[in-house]
Amino acid sequence: MNITQLQKVYFIGIGGIGMSALARYLRRRGVRVAGYDKTPSDLTNALISEGIAVDYQEDSYLKNMDAELVVYTPAIKANEHAGLRYFIENDYKVMKRAELLGKICADKYVIAVAGTHGKTTITAWVAHLLQEAGIGCTAFIGGISLNYNTNLLDNNDKIVVVEADEYDRSFLQLKPDIAVITALDADHLDIYGTHQKMLEAYSQFVKNIKPNGKLILHEQVAAQCPQWENAITYGDKIEENSYFLREFSLKEKFSNYLVIKYFENKTKSYNLVVSIAGYYNFINSIPVIAIGDVLKMPEKNIVAAIRSFKGISRRFEVMFYQNTSIWIDDYAHHPQEINQLLYAVKRQFEHRNITVIFQPHLYSRTRDFVKEFAQALNMADNVYLMPIYPAREQAIEGVTSQVIADKLNNFRGFISHQQALLFLKKQLDGVCLTVGAGDIDLLRTMYFKP
C-alpha cells in the first residue's frame, strides 16, 4: 500500500498518544481522518478542533466514511470490539499502528528511542534539539511536549524522530539510523511472557539498525547485553563510558552539571544547565548530546537545546510550587520508574515530607510486580492508593490495590479522585506526587477547573 496516496483513514483507539500523532500526521497531508475512542479526553477534543471526526460508539463507524485503511491500536482485540471486527470481516485493509508508523519511516533518516524508561522524554528532547538547530524533523512523541504543546512535530519530512515502543513488538517495524536503548527492565510480560523473550525482541531491534548506523546504550543496558558491540555508551557509574556524568549541582529549579565525552583517547567537557527537575534527567540528556555529536551539530546548539527544553507533560511535571507545598504529577507506572522518581524527589527536595497518591496500571502488571511496587513506594513517607486502572484488561481474581497495601509500611488509606482533589487543595507542607498511567491525570483538570 502506498500511504502517500491515501484519502480516507479510520483509527480505532484514536485518542491514544501514539495513534493521535499518526492521525495528525495524515490529516496534515490532506487525508480525511476519523476515528473511534472509548471516552472523550483532552486529546480527542483537540483532534476534533483540528477537523478530525471522533466517535465514541463502537458501531458508529458505518455512518462515518468508507475507509481505504483502518488502523488500530494493539490494545484493542478484534473479538472484543464490534467496529474492528466489522472491518476485518468485510475485507477492509486493516493494519496495526506500528505497521503504519513503519511505512511512514521507511525511506527516512530515523532516530528511534527505545527502552523501558525515559524514552518519551529523550524523544522529545532530540526533536527539540533538531528544532533549535534549525534542522527540524517529523517527531512522533509518546507524550505532550511542553515546548510545543503537541505530540507531533512536522517540519522536516526527511528526518523522523520516533519513540520506539516495545509493547506488542511494535518497534520491530522500524529500521533506525540511530537507535537509543535506555533500559531493559522486565515489562509487558502480558505480551512477552518472560524477561528473556523481551530481551530477544530488543536484540532483533538492534539487528534492524541500518548499515553504518549508530547504537547508543545506557551503561546498564551495555552490561546486560555485551554482545551489542561498538555502541556509544552513557551513564553515571562507569567512567569508561563514551559519555559520563562527572559533576552536578542539584537545585530545586535550575541545575548545573558536567558531562565528559571520551573519544579516541581524547576528552571533551560539556558544561550544561537543565531547567527540568529530576536527577535522572541529567542522564536522559546525555543521549541527546550524543545524537547532536553524531549529527555534527555545533556545541552551542546542543548546550542551548539542553537548557531550553521544558520537558513532557506528566513527567516530573511541577503543577504548583507554593511556599512549602509542592505538587508533582508523573506518569510512572513501573516499579523502577517509581523508584527513580522517588529517588530524584528525595535528592532534589531534601528534608521535605513526601506523600504519594498512586494509581496502579493493569491487573497483570500489579500481579507481576507487587513486591517491587511496595519496595519503591516504601521510599515515601505516606502512600495513598487508588483502585487499579484496568486499561485493556479484564479483572484478575484476587488482584486489587490491596495486594500492594498489604506490603507497605507507610500506607495511609485508599483514596478516590474526589478525595485526592480535596487533599491537594489543602496544600499541606511537603511534596505530593500523583503517580500513574491511568485516569489519575483527571486530577489536573479537576484542580484547575474554573
Side-chain angles (χ1 to χ4, degrees), residues 16-18 20-21 41-43 113-129 139-153 161-167 180 182-183 185 187 218 250 252-255 257 274-288 305-321 326-349 354 356-359 361 376 389 431-445 447-448:
I17 196 72
S20 58
S41 65
D42 290 343
L43 254 179
V113 183
T116 47
H117 319 301
K119 57 182 175 286
T120 300
T121 297
I122 295 170
T123 301
W125 218 331
V126 172
H128 178 62
L129 171 67
F140 296 94
I141 305 169
I144 302 299
S145 164
L146 296 179
N147 285 85
Y148 308 101
N149 195 34
T150 185
N151 57 346
L152 173 71
L153 297 182
V161 182
V162 60
E163 181 168 333
D165 185 6
E166 74 274 7
Y167 178 72
V180 178
T182 64
D185 295 301
D187 199 7
H218 186 273
L250 192 60
E252 290 197 354
K253 294 190 177 177
F254 287 92
S255 296
Y257 61 114
V274 65
S275 60
I276 56 175
Y279 172 81
Y280 52 79
N281 280 317
F282 292 152
I283 309 302
N284 284 337
S285 75
I286 300 178
V288 182
I306 296 300
R307 178 162 190 157
S308 59
F309 182 61
K310 296 178 182 179
I312 294 289
S313 177
R314 303 210 64 232
R315 269 64 170 187
F316 211 112
E317 187 176 2
V318 178
M319 304 306 298
F320 64 62
Y321 192 137
I326 302 165
W327 172 22
I328 296 171
D329 189 38
D330 199 278
Y331 187 75
H333 54 282
H334 184 281
Q336 186 58 29
E337 292 169 347
I338 297 170
N339 185 69
Q340 290 184 4
L341 172 65
L342 285 167
Y343 177 75
V345 170
K346 290 170 78 72
R347 293 190 72 164
Q348 191 131 4
F349 301 99
I354 300 173
V356 174
I357 301 173
F358 175 55
Q359 182 186 49
H361 184 263
Y389 185 80
V431 182
C432 182
L433 305 175
T434 49
V435 180
D439 64 359
I440 191 172
D441 64 334
L442 292 175
L443 289 171
R444 300 156 61 98
T445 303
Y447 186 92
F448 294 107

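In this chain, residues are counted from 1 in sequence order.
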_What's the separation between atom CG in Asp165 and atom CD1 in Ile17, rounded to the nearest 0.5 Å?_
12.0 Å
*Taking all atoms of both residues into account, what is the closest heavy-atom pair of Ala127 and Val161, and its distance?*
N-CG1, 4.4 Å
*Where do Asp441 and Gly438 come nearest, in terms of heavy atoms and distance?*
OD1-O, 3.4 Å
*Answer whether the closest heavy-atom distance between the side chains of Phe358 and Ile338 falls below 4.5 Å.*
yes
*Salt bridge check: are Lys119 and Glu166 linked by an N-O gap of less than 4.0 Å?*
yes
*Can you check whether Gly436's main-chain N or O pairs, donor with acceptor, with Arg314's side chain at less than 3.5 Å?*
yes
*Examine distances only and state if a side-chain atom of Ser145 and a backbone atom of Ile312 form a donor-acceptor pair shorter than 3.5 Å.*
no
_Using 30° and 60° as the class boundaries, would you call the ring planes of His333 and His361 parallel, tilted or perpendicular?_
perpendicular
*asked:* If you define the side chain from C-beta out and look only at heavy atoms, does anything of Tyr279 sit under 4.5 Å from Gln340?
replied: no
*Does some side-chain heavy atom of Phe316 sit less than 4.5 Å from a side-chain heavy atom of Val345?*
yes
*Got Thr116 and Thr182 here, is their nearest side-chain heavy-atom distance under 4.5 Å?*
no
*Report the C-alpha separation of Leu152 and Ile141 in whole Å, then their side-chain angles, then the decisive distance to 0.1 Å, and conclude whether the side-chain contact (heavy atoms from CB on, under 4.5 Å) test is met.*
CA-CA 6 Å; Leu152 173 71; Ile141 305 169; over 6 Å; no
*Find the distance between CG (Asn147) and NZ (Lys310) and round it off to the nearest 0.5 Å.*
5.5 Å
*For the side chain of His117 and the backbone of Gly115, is there at least one donor-acceptor N/O pair under 3.5 Å apart?*
no
_Quick check: do Leu146 and Ser313 have side-chain heavy atoms less than 4.5 Å from each other?_
yes
_Is there a side-chain contact (heavy atoms from CB on, under 4.5 Å) between Leu433 and Ile357? Walk through the geometry before answering._
CA-CA 6 Å; Leu433 305 175; Ile357 301 173; over 6 Å; no
*Grab the two heavy atoms, one from Ala376 and one from Pro335, that are nearest each other, plus how far apart they are.*
CB-O, 3.6 Å
*Do Asn281 side-chain atoms and Ala277 backbone N/O form a donor-acceptor pair below 3.5 Å?*
yes
*Check whether any side-chain heavy atom of Ile283 sits under 4.5 Å from a side-chain heavy atom of His218, and report yes or no.*
yes
*So, Gln336 and Asp187: side-chain donor and acceptor under 3.5 Å apart, yes or no?*
no
*asked:* For the CD1 atom of Ile144 and the CG atom of Asn151, what is their distance to the nearest 0.5 Å?
replied: 4.5 Å
*Between OG of Ser41 and CG of Leu442, what distance do you get to the nearest 0.5 Å?*
9.5 Å
_Pair Arg315-Asp330, salt bridge (charged side-chain N to carboxylate O under 4.0 Å, His left out): steps then yes or no_ = CA-CA 5 Å; Arg315 269 64 170 187; Asp330 199 278; over 6 Å; no
*Just by modelled atom types, is the Ile440 backbone N or O under 3.5 Å from a matching donor or acceptor in the Gln359 side chain?*
yes
*Do Tyr280 and Tyr343 have their ring centres less than 6.0 Å from each other?*
no
*Val162 vs Val113 side-chain heavy atoms within contact, under 4.5 Å*: no
*Just how far is it from atom CG of Leu342 to atom CD1 of Ile354, taken to the nearest 0.5 Å?*
6.5 Å
*When you look at Thr120 and Ile122, which way does the side-chain contact (heavy atoms from CB on, under 4.5 Å) test go after all the steps?*
CA-CA 6 Å; Thr120 300; Ile122 295 170; over 6 Å; no
_Pair Val288, Ile306 - check side-chain contact (heavy atoms from CB on, under 4.5 Å), show working._
CA-CA 8 Å; Val288 182; Ile306 296 300; 4.2 Å; yes
*Hey, could you give me the NE2/OG1 distance between His128 and Thr121, rounded to the nearest 0.5 Å?*
13.0 Å
*Is there a donor-acceptor contact under 3.5 Å linking the side chains of His334 and Asp185?*
no
_Does the plane of the ring in Trp125 sit parallel, tilted or perpendicular to the ring in Phe309? Use 30° and 60° as the thresholds._
parallel
*Check: Arg444/Thr434 side-chain N/O donor and acceptor closer than 3.5 Å*: no
